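Order of appearance sets the numbers: ligands from 1, and atoms from 1 within every ligand. Because the structure is a prediction, the values reported are computed rather than measured.
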Amino acid sequence: MKLKICHLYGNLMNTYGDNGNLLMLKHHCKLKGIEVETTIISIGDKFNYHEFDLIMFGGGQDYEQKIVALDMQSKKDQLIKFINSGGVVLGICGGFQLLGHYYINNKGEKIQGISAIDYYTINQENNRYVGDVEIYNEEFDETYLGYENHSGRTFLGEGVAPLGKVVKGFGNNSEDYTEGCHYKNVFCSYFHGPLLVKNQHLADRIIDLAIDYHYKKIY
Ligand code: GLN
């Protein structure tokens, strides 16, 4: 088999080495003897959800996020179909934010997300959440370590699970001890640096789910 990865806006959303997640996914696939094909889908490109098994959507600065958010509206239906049919997504920071309802940036501008998952992100004045993070995922009984750097404060809707409970650091908003989100086969996080290098057990889980999805799909 060949695992098909969509690197969503990979030429625009790739701050703080988020692309390293892709290298880790490729490395783990190699260890499992699986071939990988990566395609950047960006501004003006068509995204057909049945063409991919996994989406990697990295973080970005407010400037890039604004451009991407506009273009994403034309891909919204297909992206939601992908997620609802069990497609696997890894969303980091800015990518995480844009899968939700909206992101209010530092200038107070409201950047529309695609509302694929129930959460929203607001700004804070003259402050960023920066530093090491540790979270614990109860469902998998796993700990994830990382580094965060974001100004957005994300609040999950009822029934949306976090990727983990904050043990150390700020997490989504420094209030409710949530970090990231886990919804269907979507894994989102504020961890940069990149997430999967420090948490290889998560890389393995994501690939296994993508392999499952690949075989379950009806073409
Ligand atoms: N611009 C967003 C924020 O600061 C996302 C930043 C990022 O992806 N690192 O919250």
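Listed by atom number, the atoms of ligand 1 under 4.0 Å from Asn149 heavy atoms are 9 (N). Atom numbering of ligand 1 starts at 1 in the shown order; those under 4.0 Å from a heavy atom of Asp62 are 1 (N), 2 (C). Set against the non-hydrogen atoms of Tyr16, the atoms of ligand 1 under 4.0 Å away are 9 (N). Near Arg128, with a cut-off below 4.0 Å to any heavy atom, the atoms of ligand 1 are 4 (O).
Shown are Thr178, Thr121, Asp176, Asn172; of these, the side chain to side chain donor-acceptor pair (under 3.5 Å) with Thr154 is made only by Thr121.
Looking at every heavy atom in both residues, Gly171 comes nearest to Tyr129 through O-CD1, 4.2 Å.
Using a distance-only test at 3.5 Å, with no hydrogens or angles considered, a donor-acceptor pair links the side chain of Lys75 to the main chain of Asp45.
The hydrophobic clustering, which links ILVMFWY residues whose side-chain heavy atoms are closer than 4.5 Å, places Met1 and Ile5 together. One hydrophobic cluster, built from ILVMFWY side chains closer than 4.5 Å, holds both Phe155 and Tyr102.
Aromatic rings of Phe140 and His182 (six-membered ring for Trp) have centroids within the 6.0 Å cut-off, being under it.
Put simply, no part of Tyr190 is less than 4.0 Å from ligand 1, judged by heavy atoms. The closest approach between Phe96 and ligand 1 stays at or above 4.0 Å for every heavy atom of the residue.
At the top of the distance list for atom 3 (C) of ligand 1, counting protein heavy atoms only, stands Tyr103 OH, 3.4 Å. Among protein heavy atoms, atom 6 (C) of ligand 1 sits closest to Gly60 O, 3.2 Å. The protein atom (non-hydrogen) at minimum distance from atom 9 (N) of ligand 1 is His192 NE2, 3.0 Å. Shortest contact from atom 7 (C) of ligand 1 to any protein heavy atom: Cys93 SG, 2.9 Å.
Under a cut-off of 6.0 angstrom, the local environment of NZ in Lys30 is sparse, with at most 12 non-hydrogen atoms contributed by other residues, nucleotides or ligands. Other residues, nucleotides and ligands place more than 12 heavy atoms under 6.0 Å from the NZ atom of Lys198.
Checking only distances, Gly152 does come within under 3.5 Å of ligand 1, N or O to N or O. Considering backbone and side-chain atoms alike, Gly94 places an N or O below 3.5 Å from some N or O of ligand 1. Note: no N/O pair closer than 3.5 Å links Gly59 and ligand 1 by distance alone.
Ring orientation note: the planes of Tyr144 and His201 are tilted relative to one another, at an angle of 30° to 60°.
Scanning Gln65, Met13, His150 for the heavy atom closest to atom 2 (C) of ligand 1 points to Gln65.
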